[in-house]
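Read through the structure below, which is laid out as structure tokens, and then see the notes.
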Amino acid sequence: MKLTIATAYLVGTAASARDHQPRRRQRQTLRRTSSNAKKANERTLEVSEVAGSGWLAPIDAIVPTTADAADNVTISCGDVITTDATLEEDLACSCTERGPGSTYAALTVIGPSTLNLNGYTVSCDNNNWDTTLTDSSTVVGLAGSNAKIIGGTVSGGNYGIALGGDGHHVVSGTRIENTANDGVVITSSFNEVEGCSFVDNGWGYYPTDEVEDDDFAAEFCPEGYVISAAPSGMPSPSPSAAPSETAVPSSSPSVSAMPSVSSPPTVSSPPTVTNSTAPADPGPNPCYNSYVSGDAIDIPSETANHNVIRDNVISGYGDDGISSVGSYNIFMSNAIKADPTDGRGSRSDDGIMIRGVGNQIINNVITSPVDDGIDVRYTNGYIECGTTEAYVGGYNIIRDNTINAPVEGKGIRISSDSNIVVFNTANGALSADGINVDRGDCSVGGNRNYLADNSANDNADEGVKVEATNNNVLVRNTADGNGREGFLLEMDGGRGVGNVLAGNLGQDTNGDDDIKVDGG
């Protein structure tokens with residue numbers, strides 16, 4: 001077969017600190033594929049078999065020129081696939097290229113190619129957490145446009161599947177498991193993740209073989225905590241390389257203007273945490289929560305919009321089941337379950353957490369989240385309160401969702417403005433309200449929301465609580481069998497005015513008022 005040599009430059013772009021900083025922690029920096037990747041695609045590349053080539057690093061590709069060459073190509077670790085390909089056996093990769101600053105991928109799929117895993121598994125045997133927070137490596141990276149991965153299993157590694165480049169990618173019917181960071185991370189737009197199963201993703205600082213479910217003594221990380229020592233065999237943190245909790249760009253750079261992979265942005269050092277503020281240290285496990293764990297599905301970029309996440313089953317996650325700061329995304333018919341008795345799962349956070357504008361959360365079932373079932377916020381967790389940019393968000397639709405038995409949080413928490421919350425059921429919160437509307441971290445949100453035809457039953461505190469926010473409309477909601485008031489409207493310092501309640505029903509609320517206005 002005639003071979004030609006082609007060079008494909010999959011030049012990455014370093015996203016802003018805000019794009020990749022989740023609530024209460026910095027994410028490891030991800031990079032998007034630049035328009036140079038599209039130029040490389042036009043050269044009709046087939047399969048690049050250059051061992052160790054990163055999914056966003058420059059590669060020299062050996063390209064078969066025959067149209068059917070991919071039918072007989074053996075897929076190996078480090079390959080860049082640019083034509084339809086089918087896996088014929090399990091592919092276990094050592095992924096030794098992982099580590100601080102890595103952009104390695106065990107496999108890279110350049111759209112419009114499809115990788116059919118064919119029931120087999122692609123895996124990285126290294127799922128340690130990078131304490132420098134600069135490891136962008138992934139088991140499978142989708143770049144270019146219209147790449148697809150179907151079937152099979154993606155296991156281990158840092159990120160499971162990364163959807164970058166120009167987007168329009170599809171992940172369908174795939175199992176993603178045992179990742180250190182996010183199971184699927186999306187930094188591009190118009191992608192679809194559907195019919196997948198997610199098991200034990202974002203387990204973070206502790207490799208899955210080091211912690212027994214019944215022997216997880218690590219406490220929650222306090223706000224701002226930075227790991228100062230890594231367990232044996234893991235890389236030590238590099239304060240000069242780690243992102244800062246307060247590093248904020250003035251604006252989000254465009255893809256065309258962003259720096260190349262070889263020139264990542266400089267970020268300042270993380271805050272120092274002294275021993276006096278750190279929790280008790282049970283041996284090598286200092287603390288645990290979102291600073292040192294990932295999500296099952298994460299959309300960490302404000303420019304990653306119009307994605308569809310539907311019909312997925314998520315069980316076991318380090319931080320959130322689904323987390324998103326993008327806009328106009330759809331999260332529909334997903335089943336999300338946390339196990340509060342399961343070691344690291346007992347330190348997880350929300351079932352679904354969204355920031356941004358115009359998202360739709362529809363017909364999801366969320367069971368036993370440790371914190372809130374659905375948490376709708378402004379982007380104020382990413383930049384300092386008081387700036388104009390801090391209040392981006394709202395105008396989301398939350399409809400037909402069922403939340404059962406949150407352990408420490410609310411069934412539904414709304415702290416941005418102008419959301420539509422209808423036909424939801426929030427049952428059995430063990431220590432909080434069924435539905436809560438509050439002002440949020442910067443004390444400006446929770447206004448002009450429309451709540452109708454929701455049920456908030458058998459919750460430990462109020463069925464529906466509106467905390468000193470303005471101009472909300474509550475109609476035809478039911479709050480039955482809650483530990484306190486069916487409906488509580490709080491007023492404080494001139495806040496809590498202009499709210500409208502009509503046709504709501506609070507039944508059997510253990511002797512408390514059905515509807516109560518508190519303060520003034």
Side-chain angles (χ1 to χ4, degrees), residues 22-23 27 127 138-140 149 151-163 170-186 191-204 208 213 289-290 293-300 307-326 329-354 359-376 398 400-407 409 411-412:
R23 186 175 69 255
R27 285 269 185 224
N127 66 345
T138 183
V139 181
V140 179
I149 179 171
T153 298
V154 172
S155 181
N158 181 41
Y159 297 104
I161 304 175
L163 284 65
V170 174
V171 180
S172 178
T174 302
R175 176 185 171 102
I176 300 96
E177 63 181 20
N178 297 332
T179 57
N181 211 312
D182 306 325
V184 165
V185 59
I186 301 172
N191 302 287
E192 183 172 356
V193 179
E194 59 94 14
C196 297
S197 60
F198 294 80
V199 180
D200 295 346
N201 294 285
W203 259 193
T208 53
D213 290 345
N289 204 356
S290 56
S293 64
D295 309 309
I297 302 174
D298 187 19
I299 305 177
N307 297 287
V308 176
I309 312 298
R310 66 180 180 90
D311 298 315
N312 301 288
V313 177
I314 297 172
S315 60
Y317 45 89
D319 189 10
D320 300 322
I322 297 174
S323 176
S324 173
V325 301
N329 298 295
I330 297 174
F331 309 93
M332 183 171 63
S333 301
N334 301 286
I336 303 171
K337 183 177 182 180
D339 185 353
T341 67
D342 176 13
R344 285 156 297 191
S346 67
R347 309 301 200 273
S348 61
D349 211 329
D350 301 325
I352 298 177
M353 189 284 293
I354 65 167
N359 297 286
Q360 299 183 53
I361 307 176
I362 300 173
N363 195 38
N364 301 281
V365 177
I366 302 170
T367 305
S368 302
V370 173
D371 202 357
D372 303 321
I374 297 174
D375 189 359
V376 181
I398 300 92
D400 285 312
N401 301 283
T402 300
I403 299 95
N404 296 309
V407 177
I412 299 174

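Quantities reported herein were computed from a predicted structural model and do not represent experimental measurements. FYI, side chains are in, hydrogens and waters are out, and symmetry mates aren't considered; it's all heavy atoms of this structure.
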Practice item. Might you point out which heavy atoms bring P369 and A338 nearest each other, and give the distance in Å? Key: CA-CB, 4.2 Å
Check your understanding: Looking only at heavy atoms, what is the nearest atom pair of A296 and I314, with distance?
Key -> CB-CG2, 3.5 Å
Revision key, fill the gap. dist I362:CD1 -> R310:CZ (nearest 0.5 Å) comes out at 12.5 Å
Point to revise | Sole residue of L163, V171, I149 in side-chain contact (heavy atoms from CB on, under 4.5 Å) with V140 | key: I149
Point to revise | Validation row: F198, I336 side chains within 4.5 angstrom (heavy atoms) | key: no
Review point. Under 3.5 Å, side chain of D298 to main-chain N/O of V185, donor-acceptor pair present?
Key: no
Review point. Checking side-chain contact (heavy atoms from CB on, under 4.5 Å) for the pair V154/T174: CA distance, chi angles, key distance, verdict?
Key: CA-CA 7 Å; V154 172; T174 302; 4.1 Å; yes
Review point. Do any N or O atoms from the side chain of N178 and from the backbone of N201 form a donor-acceptor pair under 3.5 angstrom?
Key: no
**Study point:** Short side-chain to backbone donor-acceptor contact, D295 and D320, under 3.5 Å
**Key:** yes
**Study point:** Derivation and outcome, side-chain contact (heavy atoms from CB on, under 4.5 Å), residues I176 and S197
**Key:** CA-CA 6 Å; I176 300 96; S197 60; over 6 Å; no
Exercise for review: Answer yes or no: is there a donor N or O on one side and an acceptor on the other, between the side chain of T367 and the main chain of N404, under 3.5 Å?
Suggested key: no
Practice item. Could you tell me whether a side-chain N or O of T179 sits under 3.5 Å from a main-chain N or O of G157, the two making a donor and an acceptor? Key: no
**Study point:** Distance (rounded to the nearest 0.5 Å) between M332 CE and I361 CD1
**Key:** 13.0 Å
Review point. What's the shortest heavy-atom distance between G373 and I403, and which atoms?
Key: CA-CG2, 3.8 Å
Exercise for review: Show your working on side-chain contact (heavy atoms from CB on, under 4.5 Å) between I330 and N307 and close with a plain yes or no.
Suggested key: CA-CA 6 Å; I330 297 174; N307 297 287; over 6 Å; no
Review point. Within a strict 4.5 Å, meaning less than it, do heavy atoms of the V308 and F331 side chains meet?
Key: no
Practice item. In sequence, state the C-alpha distance, the side-chain angles, and the governing distance for Y317 and I322, and then conclude on side-chain contact (heavy atoms from CB on, under 4.5 Å). Key: CA-CA 9 Å; Y317 45 89; I322 297 174; over 6 Å; no
Review point. Are the side chain of N334 and the backbone of V313 linked by a donor-acceptor contact shorter than 3.5 Å?
Key: no
Review point. Would you say the side-chain atoms of S293 and D319 include a donor-acceptor pair closer than 3.5 Å?
Key: no
**Study point:** Donor-acceptor contact present, side-chain N359 to main-chain N329, <3.5 Å
**Key:** yes
Check your understanding: In Å, rounded to the nearest 0.5 Å, how long is the span from CD1 of I297 to SG of C196?
Key -> 7.5 Å
**Study point:** Heavy-atom side-chain proximity of D372 to I412 below 4.5 angstrom
**Key:** no
**Study point:** side chain to side chain donor-acceptor pair (under 3.5 Å) involving S368 - partner list, sequence neighbours excluded
**Key:** none
Review point. Between atom OG of S315 and atom NZ of K337, what is the distance when rounded to the nearest 0.5 Å?
Key: 8.5 Å
Practice item. Give me the one residue out of T402, D400, N401, N312 that meets side-chain hydrogen bond (donor to acceptor under 3.5 Å, both in side chains) with N364. Key: N401
